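Since we're looking at a predicted model, the values are computed, not measured. Sequence lines set the chain letters: A, B, ... in the order given, protein chains first and strands last, and positions in each chain run from 1.
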Amino acid sequence: MKANCWMGTRRVEVRTVPDPEILNPHDAIVRVTSTAICGSDVHLYDGFIPTMRKGDVLGHEFMGEVVEVGKAVTNLRRGDRVVVPFPIACGRCNMCRAQLFSLCENSNPNARQAEQLWGYSPCGIFGYSHMLGGYPGGQAQYVRVPFADVGPLRVPEELPDEKVLFLSDIFPTGYMAAEQSNIQPGSVVAVWGCGPVGQFAIASAYLLGAERVIAIDRFEYRMRIARERAGAETINYEETDVYEAIREMTGGRGADACIDAVGMEAHAANAWHIYDKVKTALSLETERGAAVRQAIMCCRSGGTVSIAGVYGGFMDKFPIGAIVNRSLTIKSGQTHVHRYMRPLLKRIVDGQIDPGFIITHRLPLDAAPDAYEMFTNKTDDCLKVVLAA
Amino acid sequence: MASEYSERGRADGLRWIGLGLAVGAAALAIRRFGGRRARNGDEAESSPPVSMAFTVHRAPDEVARLWTEIDPLRDIVEHVRFDAAPGDRGTELHVRFRPRWFGRRSPAQVQERLRQFKQLAETGEIARSGLGRGVREFGDMPEGALLEALVVGGAR
């Protein structure tokens, strides 16, 4: 089959690789119909995530048709149309039973490696480094889906791929970011980053009752979509002092909730950017933290900072003093996608949201290398690429 | 041991520093497991025992039965205990053994066996990515397959 493979920093290649096979009783094989490039794939592309190996199949946002099931999978059959959540979860361990699916204790074959870096291991993830399982990803014609009795969600035939594909990751991710921000009637929410997760965080904040959402970015095309499609007010951080602007827009209080939808490769229009660039280049820190630092400073006292962006290791100059002295709550986590798929599918079916609004490019799988380059460099007003496998 | 492992984990991003830490950890391991061996030549008898624990989400009597059936650490574990975990979280499986630096008796391998026992007991299968390149995954080894054959159906 054809698959998009990581070949080194800033290099991906569509190659012919062996078809996946059923290896475990709870496996299924899915023929991919649609798959997307995620902002977190850019961290792999840019070489920010360790334990990638040449030839790894990328992709963790995908859906398709079940073509084979293992002997212990009784809830799916050939021909079922499914969306697959990016975290691999067994459904039986203590974490899964507590609905904390991205912390599944049984799905990472390389848990030991993750424990060395993080203390304990989270779940395995499709196409996201060997430390997180080494599972081949979904930017391919076929994927092996472990614990297929727990993860894949059957979706109604009448809904096109574009409306349901993002249930695999970014819609639940934006939603969880908003849900854990303690949004109350009258809440003013600030969202760093108008990429796909930022757009869904904005939309979800409104679904959960926020009064106003302020979004921060520097690309006009992204801010335009945030304003016109998600309903946010926007701040261009290259033109405006974000702290002063949010302080003024909130009557001097600060934002009730601040959502970081940027993560480890943040860009800043000030000296922080140079500081982090130098330190990451020298391997003296692993994250560029400008967005989350600013989110903490802009949050009102007693407010919540919700981190949806991906971080992998160690950050310098993390403002712990602001958190402690102003009673801030920090919420974070890889998304427990399984928990959100059904309720969010219902919102789609009910017409409350059409997640397809973020798609700017539809390309064949063969175009993955160009698509990665375009998405990473934000050329051609690229916000989200969907690849047809 | 835990602090040695976490120190070495940072090596992924910082390879050279990591190499130094690995050398340091190895030196510690030699001191910890090797010192007495040099004196009397029988490390299994004389190295101080190490304890390890995993929580398995099944009842203590079920975990004990599976442990006896599978016997995943034959000749290695000196003592095993099955305690009810607080908060209705199943069973705390505690084992004690005398470690060696390498091989089946090393803390790393014993920990992996325990982890795989937990996976089998909870899900009936051992997690595998299908491409354990460089690292042979336990589930792909004959004994892994045998254990799965024993347990599938036993777990939910």
Side-chain angles (χ1 to χ4, degrees), chain A residues 17-18 20-21 23-27 48-51 53 55-57 70-72 88 90-98 104-119 121 123-124 129-136 144 146-147 150 280 282-286 312-314, chain B residues 2-18 21-22 25 54-58 85 87-91 107-109 111-112 115-116 118-140 144-145 148-149 151-153 155-156:
Chain A
V17 302
E21 291 170 15
L23 299 176
N24 274 341
H26 295 101
D27 289 356
F48 267 68
I49 303 283
T51 72
R53 293 186 200 155
D56 286 347
V57 179
K71 60 178 187 256
I88 300 170
C90 77
R92 289 134 176 116
C93 65
N94 276 311
M95 288 294 125
C96 285
R97 283 169 199 268
C104 173
E105 297 167 349
N106 288 323
S107 62
N108 183 0
N110 304 324
R112 189 178 174 74
Q113 225 171 354
E115 285 179 353
Q116 288 172 349
L117 187 60
W118 295 326
S121 176
C123 69
S129 86
H130 288 262
M131 190 171 66
L132 294 178
Y135 289 100
R144 167 182 165 247
F147 299 115
V150 178
T280 51
L282 294 171
S283 290
L284 293 172
E285 68 173 338
T286 58
F314 305 91
Chain B
S3 65
E4 289 162 32
Y5 294 147
S6 61
E7 274 177 84
R8 272 193 284 149
R10 294 172 204 179
D12 258 315
L14 313 168
R15 291 210 172 99
W16 288 106
I17 296 172
L21 288 174
F54 270 86
T55 295
V56 180
H57 193 95
R58 292 184 72 166
D88 195 24
R89 282 178 289 188
T91 305
Q109 289 233 10
Q111 193 181 49
E112 286 316 286
R115 193 193 309 281
Q116 285 149 356
K118 168 185 160 69
Q119 291 175 0
L120 278 169
E122 289 186 341
T123 73
E125 63 186 53
I126 292 171
R128 24 160 101 81
S129 68
L131 29 90
R133 273 177 276 159
V135 188
R136 203 164 166 220
E137 291 175 0
F138 179 73
D140 295 332
E148 277 178 308
V151 180
V152 168
R156 221 182 92 175

By side-chain contact (heavy atoms from CB on, under 4.5 Å) - contacts of Thr91(B) (at least two apart): Pro60(B), Val63(B), Phe82(B)
Most chain B-contacting option - heavy-atom pairs closer than 4.5 Å, from Gly312(A), Ala111(A), Pro146(A), Ala98(A): Ala111(A)
Minimum heavy-atom distance Pro109(A)-Ala127(B), with the two atoms named: CB-O, 3.6 Å
Nearest non-hydrogen partners of Leu23(A) and Ser129(B), listed with the distance: CD1-C, 4.4 Å
Taking every non-hydrogen atom, the tightest pair across His26(A) and Thr123(B): CE1-O, 3.1 Å
Closest approach of Arg144(A) to Gly130(B) (non-hydrogen atoms, all atoms of both residues): NH1-N, 4.2 Å
Straight-line distance of Arg112(A) CZ to Gln109(B) CD, nearest 0.5 Å: 9.0 Å
Those residues that, when tested against Arg115(B), pass salt bridge (charged side-chain N to carboxylate O under 4.0 Å, His left out) (two or more places apart): Glu115(A), Glu112(B)
Interatomic distance, Glu125(B) atom CD to Ser107(A) atom OG [nearest 0.5 angstrom]: 10.5 Å
Shortest non-hydrogen contact from Gln119(B) toward Asn106(A): CG-OD1, 3.4 Å
